[in-house]
Visitor: 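Questions regarding the structure given below will be posed in turn.
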Amino acid sequence: MGHTVKQQIEDIYYTVLAAVGAPVNLVAIMILCQGKCSLSTCTTRYLLAMAMADLLVIITELILFRISSYYFQGSYLNITPVCSVNIVLSRAATDCSVWFTVIFSFDRFVAICCQKLKTRYCTEKTAAVVIITTCILLCFKNVPLYFAYEPTSIINNVPWFCYTKPSYFTEPGWVGFDWFDTVLTPLLPFGLILLLNSLTVRHILVSSRVRKGLRGQNDAGNHSDPEMESRRKSVILLFTISGSFILLWLVYVMHFLYYSITGTDHGDYNDSEYIFREVAFMLRNLSCTTNTFIYGVTQSKFREQLKSAVKYPITSIIQLINKQNN
């Protein structure tokens with residue numbers, strides 16, 4: 001498969017992904033802002049933050065970087081300073097998307113497993129502080145990336161395009177930053193999410209056995225347990241979101257480990273290695289569109305709000321036509 005064909009496939013994929021991902025995240029943001037999904041305020045805050053971060057990834061990574069370079073070659077977006085800023089924003093948005101998943105997992109862990117800490121931590125105020133602090137720290141972390149790129153050409157004293165400096169792959173400072181960047185996103189989140197989920201499952205299994213023992217086998221078989229049912233819904237939402245993240249980022253992690261262990265330079269990739277890398281980025285970016293579908297599958301109240309949002313423009317048009325006819 002020639003490079004041109006592969007590039008065309010990537011461009012079509014990212015165009016479709018942006019065309020789907022931007023609207024679904026906007027819909028998720030509007031629905032979550034209404035607060036009618038029967039979720040706690042802190043859970044709603046985290047889901048809203050995740051949807052906003054995913055939307056920013058779609059705007060900066062897909063629309064302003066990948067799609068614009070294909071459909072709008074030579075635009076001001078390809079000027080080196082503008083391109084560098086966009087890369088920094090894209091990486092910061094990606095980091096936020098990942099770490100918002102982590103802090104959401106931690107919030108659910110506290111809510112389910114730490115009843116004494118729950119009343120103090122699982123609040124709307126705490127969620128806002130944690131989200132804002134995480135966002136600020138990750139934005140500052142990505143500032144050095146602005147200086148990692150150089151122009152590929154200078155036309156009329158204007159630098160164009162962003163090319164990673166060769167020193168980024170050789171100088172100890174940049175190599176250390178690259179390792180720190182990848183450990184922070186997504187290696188450490190991988191480990192934290194797996195740890196938090198395993199502890200949550202263990203706590204649920206233990207508490208379930210205890211509650212059944214206290215209630216008695218007959219009562220447990222004939223009566224529903226509202227608390228366990230609430231936990232079940234919370235766990236389903238948690239595991240589908242974190243499970244989707246792990247599956248879609250797994251190839252990216254494998255790619256990082258591969259080129260780190262083998263020492264292969266990106267510029268020296270053969271066809272199979274190039275495809276492996278691009279598939280990793282495709283799946284990573286796909287993760288920015290899945291959460292809204294997860295909400296729709298796992299949350300009945302979200303589905304109701306989504307149906308209302310879809311029906312609203314249709315019913316408005318019908319009412320407008322009826323008024324004009326009358």
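Computation of the quantities below employed the complete heavy-atom set of this structure, encompassing side-chain atoms and omitting hydrogens, waters and symmetry-equivalent molecules. If you're wondering where the values come from, they're calculated on a predicted model, not measured in any experiment. Throughout, residue positions are numbered sequentially from 1 according to the sequence presented.
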Visitor: Regarding Y14 and E61, is there a side-chain donor-to-acceptor distance under 3.5 Å anywhere?
Guide: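 Their side chains do not contain a donor-acceptor pair, so the 3.5 Å distance test is not met.
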Visitor: Out of F147, W174, Y163, which one pairs with Y168 under the ring-ring contact (aromatic ring centres under 6.0 Å, His included) rule?
Guide: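 With Y168 as partner, ring-ring contact (aromatic ring centres under 6.0 Å, His included) holds for just one option, W174.
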Visitor: Would you find a donor on one side and an acceptor on the other, under 3.5 Å apart, between the side chain of T298 and the backbone of I294?
Guide: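 Yes, the answer is positive, given that a donor and an acceptor are paired below the 3.5 Å cut-off.
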Visitor: Take the angle between the ring planes of F106 and F109 and call it parallel below 30°, perpendicular above 60°, tilted in between.
Guide: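 F106 vs F109 ring planes: tilted.
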Visitor: Assess the side chains of S244 and T290: does a donor N or O sit below 3.5 Å from an acceptor N or O?
Guide: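 Short answer, yes.
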Visitor: What's the shortest heavy-atom distance between C42 and E124, and which atoms?
Guide: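 Minimum heavy-atom contact is CB-N, 4.4 Å.
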Visitor: Would V253 end up clustered with W179 when hydrophobic side chains under 4.5 Å apart are linked, directly or stepwise?
Guide: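 As far as the 4.5 Å side-chain criterion goes, W179 and V253 are connected within one cluster.
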Visitor: Between T152 (side chain) and W160 (backbone), is there a donor-acceptor pair under 3.5 Å?
Guide: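 Yes.
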Visitor: Just by distance, with hydrogens left out, do T123 and T126 show a side-chain donor and acceptor under 3.5 Å apart?
Guide: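 Indeed, the side chains of T123 and T126 share at least one donor-acceptor pair under 3.5 Å.
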Visitor: Check for a donor-acceptor pair, side chain of N25 on one end and backbone N or O of G21 on the other, with a separation under 3.5 Å.
Guide: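 Yes, because the side chain of N25 sits within donor-acceptor range (under 3.5 Å) of the backbone of G21.
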Visitor: Around F65, counting heavy atoms of other residues, nucleotides and ligands shown, do more than 12 lie under 6.0 Å from its CZ?
Guide: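 Check fails, neighbour count at 12 or below.
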Visitor: Return the orientation label for the Y252 and W249 ring planes: parallel under 30°, perpendicular over 60°, tilted otherwise.
Guide: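 Perpendicular, since the angle between the ring planes exceeds 60°.
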Visitor: Under 4.5 Å between any side-chain heavy atoms of I103 and T134, yes or no?
Guide: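 Heavy-atom side-chain distance check passes, below 4.5 Å.
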Visitor: Tell me whether L196 shares a hydrophobic cluster with L205, the cluster being built from Ile, Leu, Val, Met, Phe, Trp, Tyr side chains joined at under 4.5 Å.
Guide: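 In one cluster with L196: L205, yes.
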Visitor: If you compare all heavy atoms of P159 against all heavy atoms of I154, which two are closest, and at what distance to 0.1 Å?
Guide: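 Minimum heavy-atom separation between P159 and I154: CA-CG1, 4.2 Å.
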Visitor: For residues W99 and L184, report the shortest heavy-atom separation together with the two atoms involved.
Guide: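 Shortest heavy-atom separation between W99 and L184 comes out as NE1-O, 2.8 Å.
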Visitor: Only pairs at least two apart or in different chains count here, so list each salt bridge (charged side-chain N to carboxylate O under 4.0 Å, His left out) that has a residue in residues 78-101.
Guide: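 Residue pairs passing salt bridge (charged side-chain N to carboxylate O under 4.0 Å, His left out), neighbours aside: R91-D181, D95-K141.
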Visitor: Evaluate whether atom OH of Y71 has more than 12 neighbouring non-hydrogen atoms of other residues, nucleotides or ligands under 6.0 angstrom away.
Guide: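 Counting other residues, nucleotides and ligands, OH of Y71 exceeds 12 neighbours.
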Visitor: Just by distance, no angles: are the side chains of S97 and D54 close enough, under 3.5 Å, to form a donor-acceptor pair?
Guide: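 Distance-only check passes for S97 and D54.
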Visitor: Using a 4.5 Å cut-off on heavy atoms from C-beta on, say whether the side chain of F245 contacts that of S287.
Guide: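 Not touching, per the 4.5 Å side-chain cut-off.
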Visitor: With a 6.0 Å cut-off (strictly less than), is the heavy-atom count around NZ of K165, excluding the residue itself, greater than 12?
Guide: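 Above 12, so yes.
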Visitor: With no hydrogens and no angle check, is any side-chain donor or acceptor of S198 less than 3.5 Å from a backbone partner on L195?
Guide: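 Checked: pair present.
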Visitor: Nearest heavy-atom pair of S242 and T101: which atoms, and what distance?
Guide: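 So the minimum-distance heavy-atom pair works out to CA-CG2, 4.5 Å.
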Visitor: Honestly, is R66 close enough over F281, meaning NZ or CZ under 6.0 Å from the six-membered ring centre and within 45° of the axis?
Guide: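 The answer is yes, since R66 meets both limits relative to F281.
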